[in-house]
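Reading through the structure tokens given below for one structure.
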Amino acid sequence: MNIAFFLVPKDDVIYLSPHSTMRQALERMEYHRYSAVPLIDEEGKYVGTITEGDLLWKLKHAPDVGFDNAHKIQLKDVPQHMTIKPVRIDQQMQDLITLATNQNYVPVIDDNGVFIGIIRRREIIDYCFKLWQSEQKV
């Protein structure tokens with residue numbers, strides 16, 4: 001099945017720019033209760049995902065950085081410890097199953113690498129469950 005049916009479009013996704021600050025990321029993640037947020041550049045291209053862990057590691061390994069001055073550190077300067085790879089919109093749902101085992105969502109891009117949305121892990125699990133249920137009825 002084509003993944004477009006499961007897409008949460010960019011307009012409905014919380015994302016940040018690599019030029020956003022650590023403080024902005026922390027506040028947005030706290031407000032929305034997210035543990036990871038996609039990073040989208042000025043051209044609309046997906047450039048990675050910032051996670052709570054990335055922010056915590058930055059705080060731990062940079063003793064001069066604290067919440068009081070987190071507004072001075074841009075996300076482009078925060079190392080990403082997980083590589084969350086995007087998929088193209090023309091891929092099939094089966095291609096996403098292994099990706100979903102290690103990440104909360106899968107970023108989706110178009111043919112030009114422009115971010116168009118995400119597919120959440122719960123939709124992938126729901127798809128697999130319904131597929132399994134239909135096979136049980138046979």
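Qualifying salt bridge (Lys or Arg N to Asp or Glu O under 4.0 Å) partners for Lys60, counting only residues two or more places apart in sequence or in other chains: none. Tyr127 is linked by a ring pair (Phe, Tyr, Trp, His ring centres under 6.0 Å) to Phe6, counting only residues two or more places apart in sequence or in another chain.
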* To do: Apply side chain to side chain contact (heavy atoms under 4.5 Å, CB included) to Ile14 and Arg28, showing your working.
  => CA-CA 8 Å; Ile14 302 304; Arg28 189 161 287 183; 3.0 Å; yes
* To do: Would you sort out whether Phe67 and Leu26 count as a side chain to side chain contact (heavy atoms under 4.5 Å, CB included), showing the intermediate values?
  => CA-CA 9 Å; Phe67 189 73; Leu26 289 164; 3.9 Å; yes
* To do: Step by step, work out the side chain to side chain contact (heavy atoms under 4.5 Å, CB included) result for Ile109 and Ile116.
  => CA-CA 5 Å; Ile109 58 174; Ile116 57 174; 5.7 Å; no
* Asked: Does the pair Ser35 and Asn104 meet the rule for a side-chain hydrogen bond (donor to acceptor under 3.5 Å, both in side chains), with working shown?
  -> CA-CA 9 Å; Ser35 59; Asn104 295 332; 2.9 Å; yes
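Between Met22 and Gln74, every side-chain heavy-atom pair lies at or beyond the 4.5 Å cut-off. A heavy-atom distance below 4.5 Å is found between the side chains of Leu96 and Val87. At a threshold of 4.5 Å between non-hydrogen side-chain atoms, the residues Ile118 and Val106 do not count as touching. Leu39 is not listed as a side-chain neighbour of Tyr46, based on a closest heavy-atom distance of 4.5 Å or more. By the 4.5 Å heavy-atom criterion applied to side chains, Val114 and Glu43 are not counted as neighbours. No side-chain heavy atom of Ile40 sits under 4.5 Å from any side-chain heavy atom of Lys45.
For residues 108-124, the set of pairs meeting the salt bridge (Lys or Arg N to Asp or Glu O under 4.0 Å) definition, not counting sequence neighbours, comprises Arg88-Asp111, Arg120-Glu123. Listed by first and then second residue, the salt bridge (Lys or Arg N to Asp or Glu O under 4.0 Å) pairs involving residues 63-78 amount to none (not counting sequence neighbours). Pairs engaging residues 1-15 under the side chain to side chain donor-acceptor pair (under 3.5 Å) rule: none recorded [sequence neighbours left out].
Under a hydrophobic-cluster definition in which Ile, Leu, Val, Met, Phe, Trp and Tyr are linked whenever side-chain heavy atoms come within less than 4.5 Å, directly or via other members, Ile73 and Val37 are assigned to the same cluster. In this structure, Leu16 is a member of the same hydrophobic cluster as Leu59, with clusters built from ILVMFWY side-chain heavy atoms closer than 4.5 Å. Under a hydrophobic clustering in which Ile, Leu, Val, Met, Phe, Trp and Tyr are joined whenever their side-chain heavy atoms come within less than 4.5 Å, directly or via other members, Val108 and Phe5 fall into the same cluster. Hydrophobic clustering (ILVMFWY, side-chain heavy atoms < 4.5 Å, transitive): Met93 and Ile89 are in one cluster. Under the 4.5 Å side-chain contact rule for hydrophobic residues, Leu7 and Ile3 share a cluster.
A donor-acceptor pair under 3.5 Å links the side-chain atoms of Gln24 to the main chain of Thr21, judged by distance alone. With hydrogens and angles ignored, the 3.5 Å screen pairs no side-chain donor or acceptor of Asn102 with any backbone N or O of Leu99.
To the nearest 0.5 Å, the span separating NZ on Lys58 from CG on Leu56 amounts to 13.0 Å. In this structure, Thr101 OG1 and Ile97 CD1 are separated by 10.0 Å, a value rounded to the nearest 0.5 Å. To the nearest 0.5 Å, the span separating CH2 on Trp57 from OG1 on Thr51 amounts to 11.0 Å.
Here the closest heavy-atom approach between residue Ile124 and residue Ala100 is recorded as CD1-CB, 3.6 Å. Shown here for Phe115 and Val13, the closest heavy-atom pair between the two residues is CZ-CG1, 4.1 Å. Residue Pro18 comes nearest to Val47 through the heavy atom pair CG-CG2, 3.6 Å, listed as atom of the first residue, atom of the second, then distance.
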For residues 78-86, run the donor-acceptor check on the side chains, cut-off 3.5 Å, and write out each pair with its distance to 0.1 Å, sequence neighbours left out.
residue : atom : partner : partner atom : Å
Gln80   : OE1  : Thr49   : N            : 3.3
His81   : ND1  : Asp54   : OD1          : 3.1

